[in-house]
Protein chains: 2
Amino acid sequence: MDRMSQRTRLTPEQRREQLLDLGIRLFAHHSLDEISIDVVAREAGISRGLLYHYFGDKMAFREAVVRRAADALVAQTAPPATGEPVERLLASMTAYVDFVDANYEGYVSMVRGAASDPVLREIYDEAFGALGLRIFDAGADFVEDTPAARLMVRGWQAMSEELVLSWKADPAGLSREELLGVLAGSLPVLLEMLPERTRRE
Amino acid sequence: MDRMSQRTRLTPEQRREQLLDLGIRLFAHHSLDEISIDVVAREAGISRGLLYHYFGDKMAFREAVVRRAADALVAQTAPPATGEPVERLLASMTAYVDFVDANYEGYVSMVRGAASDPVLREIYDEAFGALGLRIFDAGADFVEDTPAARLMVRGWQAMSEELVLSWKADPAGLSREELLGVLAGSLPVLLEMLPERTRRE
DNA sequence: CTTGCCTATTGAACAGGTGTCAATAGAATG
DNA sequence: CATTCTATTGACACCTGTTCAATAGGCAAG
């Protein structure tokens with residue numbers, strides 16, 4: 001019936017690109033577990049073996065896809081180069097909310113999906129670490145870079161993530177600006193909760 | 001060699017109980033993915049078929065185990081019936097940290113792994129909803145139960161979870177008591193960040 | 001045009017785990 | 001004891017991840 005069985009031979013770069021693009025597209029609306037070798041291969045019109053040729057195994061492929069998504073997040077939420085620290089923070093948070101808005105399904109599946117594999121978790125951590133680090137290397141007059149401060153920033157990020165996602169699902173009477181105000185305003189407050197000793201280096 | 005192949009016939013209640021207990025024990029130190037039918041059956045000294053007889057499939061078994069763990073979490077972190085709100089909160093948070101301590105791997109995989117299966121996600125949400133609700137129906141003189149307040153509590157829970165897990169991995173110079181202080185102290189502070197209007201009903 | 005080579009690509013076969021079901025064997029009952 | 005009930009088993013079919021020798025697309029040389 002269908003004689004789609006013809007091979008199409010691409011350069012390694014093209015093929016790799018095609019597969020990654022497909023992965024990103026699938027990732028936007030499917031959880032990671034749903035991105036099986038079979039699905040990707042069928043969708044791309046290639047054999048399973050080829051996926052193994054380009055990416056060692058299933059996890060490696062997922063990792064490559066997630067890494068792309070994470071890079072996009074980091075890039076799009078880059079704060080402006082100039083301005084007051086608090087304003088830059090607010091700008092970055094705004095971009096973050098926008099990003100979540102634009103890529104909701106994909107973002108959720110990345111956040112909630114960095115679960116099973118430690119390597120995926122690490123990619124996620126790396127991306128969020130980069131997001132968090134900006135707070136320190138910015139003007140950074142309201143934080144010193146200590147282990148405790150980094151821990152607190154992580155906690156604040158987790159809170160922000162949860163607030164944005166929950167707020168998307170149900171705004172709970174908060175306007176977008178009010179939400180952003182809470183997000184940006186809570187970081188300094190939280191950092192002040194740390195014992196004095198742990199905020200100096 | 002080993003003639004352990006003798007059947008032992010238990011009542012359905014006993015068997016079910018044994019398997020769930022085993023599941024909980026495995027859950028404490030293994031991620032959900034590591035709790036395969038094979039492992040459980042071998043560990044319990046029964047055939048795989050029996051597991052399917054009692055719990056329809058793998059997911060149903062995992063759900064039963066996670067539900068038990070979630071119930072245990074809610075039970076073990078119940079705040080004392082008397083005392084100042086802040087003290088009761090602190091006691092509850094202490095119990096929470098202890099629980100995470102005792103069931104680290106399983107807890108992590110429950111938190112991070114509620115992603116794939118919607119049913120697991122719902123169990124998780126249910127448990128954390130119950131945890132959060134206690135803050136309102138307690139003495140609750142520092143919060144009124146509004147949509148915005150509930151949102152904020154969710155955010156605070158996410159932060160607490162992240163802080164405890166990250167702190168376990170690397171204490172970052174914070175003592176256990178200091179961590180608990182930050183956790184319990186941050187909730188009122190965060191709630192005060194909400195616009196006045198959204199904190200009344 | 002065609003021959004040959006390089007390598008992108010395939011398909012078959014294997015491994016390991018999930019799920020099904022008729023057959024088997026404890027153990028209680030008469 | 002014999003019988004009956006059902007908890008329990010083991011073999012088997014199936015689905016996915018993974019490996020690898022065999023295949024064929026397309027470019028360059030003759």
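Note on naming: letters A, B, ... go to the chains in the order of the sequence lines (proteins, then strands), and numbering restarts at 1 for each one.
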Salt bridge or not for A:Arg25 and A:Asp21, using N-O below 4.0 Å?
no

Neighbours of DNA chain C within residues 13-22 of chain B, by heavy-atom distance under 4.0 Å
none

ring-ring contact (aromatic ring centres under 6.0 Å, His included): which pairs involve residues 55-89 of chain A, sequence neighbours left out?
A:Phe55-A:Phe61

Let me have a per-nucleotide readout for nucleotides 15-25 of chain D, 5' to 3', with B, S or -, counting only protein heavy atoms under 4.0 Å.
-SSBB---BSB

Report all side-chain donor-acceptor pairs from residues 166-173 of chain B shorter than 3.5 Å, counting only partners two or more places apart or in another chain.
| from | atom 1 | to | atom 2 | distance (Å) |
| --- | --- | --- | --- | --- |
| B:Ser166 | OG | A:Arg154 | NE | 3.0 |
| B:Ser166 | OG | B:Glu162 | O | 3.1 |
| B:Ser166 | OG | B:Glu162 | OE2 | 2.8 |
| B:Trp167 | NE1 | B:Leu174 | O | 3.0 |
| B:Lys168 | NZ | B:Asp101 | OD1 | 2.9 |
| B:Asp170 | OD1 | B:Ala172 | N | 3.1 |

Separation of C:dG19 P from B:Ile46 CD1 (nearest whole Å)
15 Å

Report the residues that fulfil side-chain contact (heavy atoms from CB on, under 4.5 Å) with A:Asp98, sequence neighbours left out, ordered by chain and then residue number.
A:Thr94, A:Arg176

Suppose we screen for side-chain contact (heavy atoms from CB on, under 4.5 Å). Which residues come up paired with A:Gln14, at least two apart in sequence or across chains?
A:Leu10, A:Thr11

Pick base, sugar-phosphate or nothing for A:Tyr54, based on heavy-atom distances below 4.0 Å to the nucleic acid.
sugar-phosphate

In this structure, how many angstroms lie between the C1' atom of D:dT6 and the CG atom of B:Leu10, rounded?
13 Å

By side-chain contact (heavy atoms from CB on, under 4.5 Å) - contacts of B:Val39 (at least two apart)
B:Leu26, B:Ser36

side-chain hydrogen bond (donor to acceptor under 3.5 Å, both in side chains) pairs touching residues 44-54 of chain B, sequence neighbours excluded, are B:Asp38-B:Arg48

Can you list the residues that meet the side-chain contact (heavy atoms from CB on, under 4.5 Å) rule with A:Ala91, with sequence neighbours excluded?
A:Pro80

